[in-house]
Each structure stands twice: as structure tokens, then as C-alpha cells.
Amino acid sequence: MAINYKSVFDIIGPIMIGPSSSHTAGAVAIGKAAHDIFQGRPTTITVHYYESFAETHLGHGTDYAIISGVLGFAPDDPRVPDAVEIAQKQGITIELIASAEPSPVNHPNTAVVEVSNAHRTIEVTGVSIGGGTIEIRGLKFNGYTVTPEGPLPFVLAIPKANETVESLKTKLLAMSEINMQKRYTSENAAILYEFDLDSRLHSQQIEQLRQETECLIYI
């Protein structure tokens with residue numbers, strides 16, 4: 001039977017996506033995190049659902065919500081309910097897998113989103129904790145395996161060769177309190193830092209940091 005991804009959206013309008021903020025609005029945010037990390041045009045999007053997400057992803061619009069986030073759509077973008085069809089028309093292969101296994105991060109609303117093209121593959125493990133709020137529990141990209149422990153927002157950064165991590169941290173502290181700092185080493189021994197922030201950054205602050213780092217991802 002064909003699934004009408006627009007049905008719920010047509011009933012409730014564009015202000016809120018789907019009947020559940022956890023399963024739809026939160027799902028957009030998980031997809032958007034994958035979009036921000038991938039930073040390119042994908043050819044394949046694979047989503048593994050667990051527990052509650054696995055049971056209800058069709059009825060609650062989780063499928064089009066996650067795909068719309070991966071495509072970079074805002075939550076109130078009128079294209080959101082058509083995201084699966086739009087992605088397929090762009091030649092993107094989509095695979096949606098409802099797993100019978102328990103969540104790998106012990107949360108009922110878990111999605112593992114893998115985004116890839118011929119050049120790279122990234123993986124984002126996100127959970128929707130209610131009210132459209134999410135946590136990112138795991139990231140795999142560019143040879144790094146990142147395991148954030150706190151709520152959003154956070155910054156992943158590689159300082160420029162002439163910058164120290166303490167210099168970068170000083171710049172961040174002028175913008176927000178830092179709740180946690182972690183250090184990761186990639187497969188080729190490059191160093192990446194995670195800074196969990198107390199408050200969200202403005203776009204100008206993000207651009208300032210981006211100009212002073214080799215790599216910066218803000219989620």
C-alpha cells in the first residue's frame with residue numbers, strides 16, 4: 001500500500017511537523033545534525049530505527065522528518081512532507097530499517113542515520129527526548145568516533161596549526177560557558193576537541209570560530 005507522507009501535514013498545517021514532537025520535530029533535528037556534519041550532497045541515506053521509533057516511524061512522519069533534516073530543510077519548510085520523494089528525485093537512495101534490537105544507546109526514540117556519497121560516509125546516533133529536543137549520543141566521521149554525553153549545543157573543532165586548544169577555549173568562553181571538554185584522536189592521529197556549551201551561539205560567533213579553526217562543526 002502506498003504511504004501518503006503528506007496526510008498528517010495537510011491536517012495540522014505547517015507550524016508543527018506531525019502529531020508528535022518527539023517522533024517528528026525531534027526527528028528533523030536529528031536529520032539536520034547529520035546534514036551539518038556531512039556538509040555535502042549525499043547519494044545514500046540509511047536510517048535505522050529502534051524501539052518506539054521502530055514501531056511508529058510511519059504513522060508519525062518520522063521518515064520524511066529525518067530525510068528533510070538531512071536535506072537541510074527548516075522544520076516549517078513546506079517541502080518537509082515531500083522530503084522522501086524530493087530526495088529520491090535527486091537520485092538519493094533511501095533505506096529505512098525498523099530494527100527489532102534494543103536501542104544501542106538505551107533510549108526508546110533512537111535513530112542511527114548514515115549519510116554517504118562516493119567520497120565519504122558519516123553516521124549520527126540521535127535520540128529524541130521530548131518537545132522537539134534531541135541529544136546526539138554518537139558520531140562517526142573523518143576517522144573520528146565521538147561520544148557526546150550532554151545536551152546540545154556543542155562544538156567540534158580542530159584548531160589551526162598556529163592556534164592552541166587553550167586559545168580556542170578562551171575564544172569560546174567569551175561566547176558561552178563550557179560545561180565539558182573532551183579530546184578525540186582520529187585513525188590518522190589528528191586531534192579533535194569537543195566543547196559542550198551552556199548556551200547557543202549566534203551565527204556571527206560561529207563564523208568567527210570557523211575562520212580560526214581547521215574544522216568546526218556546531219550542533
Side-chain angles (χ1 to χ4, degrees), residues 26 28-46 66 68-75 77 90 92 104-105 111-127 129 132-219:
V28 174
I30 293 171
K32 182 61 165 54
H35 170 271
D36 292 345
I37 294 167
F38 191 70
Q39 298 180 356
R41 183 183 177 87
T43 55
T44 303
I45 302 170
T46 302
I66 285 185
S68 70
V70 177
L71 294 180
F73 296 169
D77 191 309
Q90 293 178 1
I92 300 172
V105 291
V112 178
V113 184
E114 184 179 287
V115 184
S116 63
N117 60 21
H119 307 290
R120 64 195 300 249
T121 297
I122 66 105
E123 182 182 284
V124 175
T125 300
V127 300
I129 62 175
T133 303
I134 68 166
E135 292 180 357
I136 300 300
R137 299 285 182 86
L139 302 171
K140 294 181 181 180
F141 71 101
N142 296 0
Y144 296 101
T145 298
V146 178
T147 54
E149 296 179 13
L152 305 184
F154 61 80
V155 165
L156 302 174
I158 299 174
K160 283 189 174 180
N162 60 346
E163 286 270 351
T164 66
V165 65
E166 291 304 318
S167 174
L168 176 60
K169 185 175 179 179
T170 298
K171 292 180 174 67
L172 269 173
L173 283 170
M175 303 174 183
S176 170
E177 292 294 324
I178 297 174
N179 295 326
M180 184 184 299
Q181 176 182 328
K182 296 177 74 174
R183 180 178 184 269
Y184 301 92
T185 304
S186 74
E187 295 168 352
N188 62 1
I191 304 300
L192 176 79
Y193 294 92
E194 172 194 342
F195 298 96
D196 293 5
L197 306 181
D198 184 63
S199 57
R200 299 203 68 82
L201 302 182
H202 301 299
S203 57
Q204 290 182 339
Q205 294 172 318
I206 298 168
E207 285 307 310
Q208 179 184 341
L209 291 171
R210 187 162 280 130
Q211 292 172 11
E212 299 174 358
T213 56
E214 293 291 344
C215 169
L216 182 118
I217 295 171
Y218 173 73
I219 303 295

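What you see below is based on every heavy atom in this structure, not just the backbone, and it leaves out hydrogens, waters and symmetry mates.
Two residues are said to be in side-chain contact when any heavy atoms from C-beta on lie closer than 4.5 Å; Thr125 and Ile136 fail this criterion. Under the 4.5 Å side-chain criterion, counting only non-hydrogen atoms from C-beta, Val127 is not in contact with Ile134. You'll find the side chain of Asn142 stays beyond 4.5 Å of the side chain of Leu192, heavy atoms only. With contacts defined as side-chain heavy-atom distances shorter than 4.5 Å, the pair Leu197/Asn179 does not qualify. A 4.5 Å side-chain heavy-atom check between Phe141 and Ile217 finds at least one atom pair inside the cut-off. Side-chain atoms of Gln205 and Leu209, non-hydrogen and from C-beta on, never get closer than 4.5 Å to each other. With a 4.5 Å cut-off on side-chain heavy atoms, Glu214 and Glu163 do not count as touching. Side-chain atoms of Val105 and Val112, non-hydrogen and from C-beta on, never get closer than 4.5 Å to each other.
Put simply, OH on Tyr184 and CG on Leu139 are 8.0 Å apart, with the number rounded to the nearest 0.5 Å. Interatomic distance, NE2 of His35 versus CD1 of Ile122, reported as 10.5 Å (0.5 Å rounding). Distance check: Met175 CE to His202 NE2 gives 10.5 Å after rounding to the nearest 0.5 Å. Interatomic distance, CD1 of Ile219 versus CD of Glu194, reported as 11.0 Å (0.5 Å rounding). Between the CZ atom in Arg41 and the CD1 atom in Ile92 there is a gap of 5.5 Å [rounded to 0.5 Å]. Taking NZ of Lys32 as the reference point, atom CD1 of Ile66 lies at 14.5 Å (rounded to 0.5 Å).
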* Asked: Where do Thr213 and Tyr193 land on the side-chain contact (heavy atoms from CB on, under 4.5 Å) test, with the steps shown first?
  -> CA-CA 11 Å; Thr213 56; Tyr193 294 92; over 6 Å; no

Exercise for the section: Using the side-chain contact (heavy atoms from CB on, under 4.5 Å) rule, take Leu201 and Ser176 through it: C-alpha gap first, then chi angles, then the decisive distance, then the call. Expected result: CA-CA 8 Å; Leu201 302 182; Ser176 170; 4.2 Å; yes

**Report entry** Residue pair Lys140, Glu114: steps toward the salt bridge (charged side-chain N to carboxylate O under 4.0 Å, His left out) verdict
**Finding:** CA-CA 9 Å; Lys140 294 181 181 180; Glu114 184 179 287; over 6 Å; no

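With sequence neighbours excluded, the residues that form a side-chain contact (heavy atoms from CB on, under 4.5 Å) with Asn117 are Phe38, Thr43, His119, Arg120. In terms of the side-chain contact (heavy atoms from CB on, under 4.5 Å) criterion, residue partners of Ser116 (sequence neighbours excluded) are, by chain and number, Thr44, Thr121. Applying the side-chain contact (heavy atoms from CB on, under 4.5 Å) test to Lys169 and every residue at least two apart in sequence or in another chain returns Glu166, Leu173, Ile178, Gln181, Phe195. Shown here are the salt bridge (charged side-chain N to carboxylate O under 4.0 Å, His left out) partners of Lys160, two or more places apart in sequence or in another chain: there are none.
Ser186 places a side-chain N or O within 3.5 Å of a backbone atom of Ala190 that can act as its donor or acceptor partner. Here the side chain of Glu207 pairs no donor or acceptor atom with the backbone of Gln204 at under 3.5 angstrom.
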Show me, pair by pair, the donor-acceptor contacts under 3.5 angstrom made by side chains of residues 150-157, not counting sequence neighbours?
none

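Heavy atoms only, all atoms of each residue included: Ala34 and Val124 are closest at CA-CG2, 3.7 Å.
By the 4.0 Å N-to-carboxylate-O rule, Arg210 lies too far from Glu212 to be salt-bridged with it.
Sorted by first and then second residue, the pairs that involve residues 176-188 and meet salt bridge (charged side-chain N to carboxylate O under 4.0 Å, His left out), not counting sequence neighbours, are Glu149-Lys182.
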